[in-house]
Amino acid sequence: MRRYSTSNAAPTQNPDAKSKDDGKAKPPRSDWATIRTLLPYLWAYKWRVLLALSFLVGAKLANVGVPLILKTLIDKITVTPTNPLALMVLPLSLLVAYGALRLSTTLFTELREFVFAKVTQRAVRTIALKVFRHLHALSLRFHLNRQTGGMTRDIERGTRGISSLVSYALFSIFPTLLEISLVLLYLVTHYDIWFTLITLGALASYIVFTITVTEWRTNFRRTMNELDSKASTKAIDSLLNYETVKYFGNEEYEAKRYDDGLRNYEVAAVKSQTTLSMLNTGQSAIIATAVTLILWRATQGVIDQSMTLGDLVLVNAFMIQLYIPLNFLGVLYREIKQSLTDMEKLFSLMDQNREIADLPNAPALHIEAKQGGAIVFSHVDFSYEPNRQILFDVDFTIPAGTTTAVVGHSGSGKSTLSRLLFRFYDIQSGSITVGGHNILNVTQHSLRQAIGIVPQDTVLFNDTIEYNIAYGKPGASHDEIVAVARAAFIHDFIETLPDGYATMVGERGLKLSGGEKQRVAIARTLLKNPSIMIFDEATSALDSKSEQMIQAQLKEIAKTRTSLVIAHRLSTIVDAEQILVMDKGRIIERGTHPQLLSANGAYAQMWQRQQHKDAQAESDTEIETDAA
């Protein structure tokens, strides 16, 4: 009967894990949902926001005041039978007021930009950092499925969209609406109702036409974004796999794949531009009609003397001031919609289910044993996908300060053990404890700080060798880095390089050989100095001489730590206190090297095959030497 551990009363599965994408396409976020997500980041600086808005209102009041001063100035200097000396008196005060209002418009606008600049940039920085942190907090499952090129473009467009949205909405749309309100208020209180009706009719027609057409065009923009991301993904993926492309001579094939993406983007972009031209033409027609009707009414008013020349100039100035920004309202609305579309995917990244999350108020892992804590896998079942189980009732203990090796054929589940120990995934049933603590109950950060790994496939940052070694302990001194480099037998090699420790390793460390990368990985793990060590084929890329030296060093390190060794070469784990043999996700044998040989089972057969291969390799080497 299967037993399930109740150690520390932890749940055996993160409930959030059930909510991962079930394969159905999620509907796009609404624009209001995107705006609601953004507002708290802006409102964090509410006093700056309010001050900027007050400057904005001041700028618009000054802007509306300019035509009023101009009307009064013209009326003052207009020659009439009752005012024949008008041209002989210069209204100096009105000229000064006119200039002051012009200056005030610019001054308030610049003050608004000055005050609000920090709000916008800090919001962009905060959101970008939050997305970056969230991406690192997502499970390995997400990162194995992600498309790096497309995701980076989504982040880039989204952060740029935040600045655009704030600039267009707060500093263009809102001021324009405020100015429209002020102009309409003046028209309705001072002139014939037809001026207000024509203006309102034009505004309503313009806004309805703009919103309707822009909403229709938004689908083209969203399609362009998706196709742009796909093309970028193909390009970056191809460049990251440059060597593979060259090995198979597939440069033209990759170029064709990239061009296919660009061609699809081109079609969507042409549709977008064509509909934009239609939008602009319709907007211009509405504005031209409205301005013509307004001037006709104003001219008629001057002829029948119900309006002065100043009134004609005022109405004309109002219409110019009103319809010039209104002419850009379509552009602004389109840009706002595009910014919201761009931000949609950025915020969707933050909506991604975290899957692996710490429990509320989870404590940090503290290992009390001097030689590292004991590791216990208790009846663990695990599957990456519901229909493909990987581990079946895996049950073993690694006592503190001892070494346990795991061997088996490829796909038997060996590397999955290390992923579960690091809690990259949560198990379906059973429990995993470290130092007596269920790993579901402690913080992931403290758990991973206690474990060091030397992986089989070492990937390095595109930085210096010193940076990559120091990554095991950020802030480590150069002497500490040199010490672990010596222990990993890579110091002498580094010294032969022209730039020494400042040598750049290239994208993913491709400037170094497999063995050199593996020794860098060993060095940075030694620098981390963890309580628990995992060696996943840690010397697979080394030559025989280097492997012997490194193995001796690793055995020395393992004496003071709890160690899990995932091995292919059985000769490297003969001294392990415990050897587990896995097959198809199950432990089929366990014991020491002598015990497993005497059992004459799967391990003994593996040993005999490897011994035969080694003997054959030595024989071939001797033949080649004699021939030489």
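Between Gln389 and Ser383, the side chains place no donor N or O within less than 3.5 Å of an acceptor N or O (distance only, hydrogens not considered). Side-chain N/O atoms of Ser446 and Thr443 include a donor and acceptor closer than 3.5 Å. Between the side chains of Thr416 and Tyr425, no donor N or O sits under 3.5 Å from an acceptor N or O. Between the side chains of Ser238 and Glu254, at least one donor N or O lies within less than 3.5 Å of an accepting N or O.
Tyr258 meets the ring pair (Phe, Tyr, Trp, His ring centres under 6.0 Å) test with no other residue; sequence neighbours excluded.
Without hydrogens or angle criteria, Thr525 side chain to Ala521 main chain gives a donor-acceptor distance under 3.5 Å. Put simply, the side chain of Thr562 gets close to the backbone of Gly401: a donor and an acceptor are under 3.5 Å apart. Between the Glu577 side chain and the Thr403 main chain, a donor and an acceptor come within less than 3.5 Å of each other. No donor-acceptor pair under 3.5 Å is formed between the side chain of Ser412 and the backbone N or O of Asp583.
Aromatic ring orientation, Phe461 versus Tyr467: perpendicular (interplanar angle above 60°, classes split at 30° and 60°). Classified by interplanar angle (parallel below 30°, tilted 30° to 60°, perpendicular above 60°), the ring pair Tyr501/His478 is perpendicular.
The CG atom of Asn529 sits 11.5 Å away from the CD atom of Gln449 when rounded to the nearest 0.5 Å. Between the OG1 atom in Thr433 and the CG atom in Leu365 there is a gap of 10.5 Å [rounded to 0.5 Å]. The distance from atom CD1 of Ile469 to atom CG of Leu527, rounded to the nearest 0.5 Å, is 8.5 Å. For the atom pair Ile439 CD1 and Asp426 CG, the distance stands at 7.0 Å (nearest 0.5 Å).
With respect to Tyr603, the side chain to side chain donor-acceptor pair (under 3.5 Å) criterion is satisfied by exactly one of His593, Arg590, Gln608: His593.
Residues Ile532 and Val434 share a closest heavy-atom pair of CD1-CG1, 3.4 Å.
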Name the atoms and distances for all side-chain donor-acceptor pairs under 3.5 Å in residues 594-601, with sequence neighbours left out.
unit_1, atom_1, unit_2, atom_2, d
Gln595, OE1, Thr592, N, 2.9
Gln595, OE1, Thr592, OG1, 3.4
Ser598, OG, Pro594, O, 3.2
Ser598, OG, Gln595, O, 2.7

Go through the steps for Lys256 and Asp260 under the test side chain to side chain contact (heavy atoms under 4.5 Å, CB included), then give the verdict. CA-CA 6 Å; Lys256 183 179 181 304; Asp260 288 341; 3.4 Å; yes
Could you walk me through whether Leu570 and Ile579 satisfy the side chain to side chain contact (heavy atoms under 4.5 Å, CB included) test, starting with their C-alpha distance in whole Å, then the side-chain angles of each, then the deciding distance to 0.1 Å, before giving a yes or no? CA-CA 10 Å; Leu570 304 186; Ile579 299 174; over 6 Å; no
Decide side chain to side chain contact (heavy atoms under 4.5 Å, CB included) for Arg423 and Gln444; before the verdict, give the C-alpha distance in whole Å, the side-chain angles of both, and the deciding distance to 0.1 Å. CA-CA 7 Å; Arg423 207 185 164 198; Gln444 297 172 67; 3.9 Å; yes
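With Phe392 as the aromatic partner, Arg586 meets the cation-pi criteria of under 6.0 angstrom to the ring centre and within 45 degrees of the ring axis.
Residue pairs meeting the ring pair (Phe, Tyr, Trp, His ring centres under 6.0 Å) criterion with at least one member in residues 439-458, sequence neighbours excluded, do not occur.
The 12-atom threshold is not exceeded at OH of Tyr471, counting heavy atoms of other residues, nucleotides or ligands nearer than 6.0 Å.
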